[in-house]
There are 2 protein chains.
Amino acid sequence: MENNTEMLKGVLEGCVLEIISRGETYGYEITQKLRELGFTDVVEGTIYTITMRLEKNNFVNTNKKASTKGPPRKFYTLNAAGQQHLKNFWGKWEFVSSKINQLKEED
Amino acid sequence: MENNTEMLKGVLEGCVLEIISRGETYGYEITQKLRELGFTDVVEGTIYTITMRLEKNNFVNTNKKASTKGPPRKFYTLNAAGQQHLKNFWGKWEFVSSKINQLKEED
DNA sequence: ACTGCTATATAGTATAACTAAGTAGTGTCG
DNA sequence: CGACACTACTTAGTTATACTATATAGCAGT
């Protein structure tokens, strides 16, 4: 599907948080998972800006580990603030998406 | 609910199109309807930039009419291109929201 | 050496919504 | 009458977030 980019604004960060909440992971892997999910146009650069932002806002802890397949990986895990932020995100999503579906289904 | 603003990016225009598709309406009224829907923070300025964009991109026809309650109203109706655009919007919404819900529900 | 996959990072751009303010018509109330 | 509230449209400037494009670098296979 073409050009969902604008529609992802404000939700992509939440998706990244959700993926991290499933267990320690790193930028490149997050990108792969999002692409598998169906967001085929998501590129690494986008995810790195998000993970850097999460780091800056203190929602994640980081841990650098060597890889056998390439350069060292920077692993992320959610901290308490990140978990709260994720919970807020899903709350907002629930609210917004239900309102939009309500608008869609009205006649 | 506070600060859904970023989450509305890319969907607010679609919501406006949907509201116009229900029948001839104007900016101020669209704003009211969105606020009733629950997007209480949406303000007129935002809606006017959207309706101007829709006009510029030739998705709507306009028709100015006098009002008994204030300045003349600028009524909008969807044209064929607008209807197609709306259809595309709902397609994208269906895709994106289903993927996000899928991510949410996984465990 | 070259190519491809893995992996992180960043400078610059585009989009879309927000803030804030201005203009203007109509009705109401002290 | 004058102030205010509600209706109604418009626009200049800001902010947030994702994208484009590029750079850097390790490792494996040819």
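In what follows, chains are A, B, ... by sequence order, proteins preceding strands, each numbered from 1.
Taking atom CD1 of A:Ile50 as the reference point, atom C1' of D:dC19 lies 11 Å away to the nearest angstrom. The nearest whole Å value for the distance from the OH atom in A:Tyr48 to the C1' atom in D:dA21 is 16 Å. Taking atom CZ of A:Arg35 as the reference point, atom C1' of D:dC19 lies 13 Å away to the nearest angstrom. Per the geometry, CG belonging to A:Asn57 stands 12 Å off C1' belonging to D:dA16, to the nearest Å. Atom CD of B:Glu29 and atom P of D:dA8 are 8 Å apart (whole Å). If you take CD1 of B:Ile30 and P of D:dT7, they are 16 Å apart, rounded to a whole angstrom. Whole-Å rounding puts the B:Leu8 CG to D:dT17 P distance at 13 Å.
Looking at A:Val11, A:Thr31, A:Leu34 one by one, the single match for side chain to side chain contact (heavy atoms under 4.5 Å, CB included) with A:Val16 turns out to be A:Leu34.
Of the two residues contacting DNA chain C, namely B:Lys9 and A:Thr49, the nearest-nucleotide position lying further toward the 5' end is that of A:Thr49. Nucleotides of DNA chain D nearest to B:Gly45 and B:Tyr26 differ in position, and the one nearer the 5' end is that of B:Tyr26.
Look at B:Lys9 and B:Glu6 and you find a salt bridge, because one of the NZ, NE, NH1 or NH2 atoms lies within 4.0 Å of a carboxylate O, short of that distance.
Using a 4.0 Å heavy-atom criterion, one finds that B:Val42 contacts no nucleic acid atom at all. Within 4.0 Å (heavy atoms only), A:Glu44 reaches at least one base atom of the nucleic acid.
Atom NZ of A:Lys56 is surrounded by 12 or fewer heavy atoms from other residues, nucleotides or ligands within 6.0 Å.
Among residues two or more places apart in sequence or in another chain, the side chain to side chain donor-acceptor pair (under 3.5 Å) test is passed with A:Glu94 by B:Lys104.
Between A:Leu17 and A:Tyr76 the shortest side-chain heavy-atom distance does not fall below 4.5 Å.
Among the nucleotides D:dT10, D:dA18, D:dC9, the one closest to the side chain of B:Met52 is D:dT10. Distances were taken from every side-chain heavy atom of B:Glu6 (C-beta onward) to each of D:dC19, D:dA8, D:dT17; the shortest belongs to D:dT17.
Taking 4.0 Å as the cutoff to heavy atoms of chain A, we find the contact window on DNA chain C bounded by C:dT6 to C:dA16.
Under the 4.5 Å side-chain heavy-atom criterion for Ile, Leu, Val, Met, Phe, Trp and Tyr, B:Phe39 and B:Leu54 are members of the same hydrophobic cluster. B:Ile50 and B:Leu8 fall within a single hydrophobic cluster, where Ile, Leu, Val, Met, Phe, Trp and Tyr are joined by side-chain heavy atoms under 4.5 Å apart, directly or via other members.
Ring orientation note: the planes of B:Tyr26 and B:Phe75 are nearly perpendicular, at an angle over 60° on the 30°/60° scale.
DNA chain C lies under 4.0 Å from at least one heavy atom of each of the following residues of residues 65-77 of chain A: A:Ser67, A:Lys69, A:Pro71, A:Pro72, A:Arg73, A:Lys74.
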inquiry  = Using side chain to side chain contact (heavy atoms under 4.5 Å, CB included), reason through B:Trp90 and B:Glu18 one step at a time and then give a plain yes or no.
reply    = CA-CA 9 Å; B:Trp90 284 125; B:Glu18 176 64 29; 2.8 Å; yes
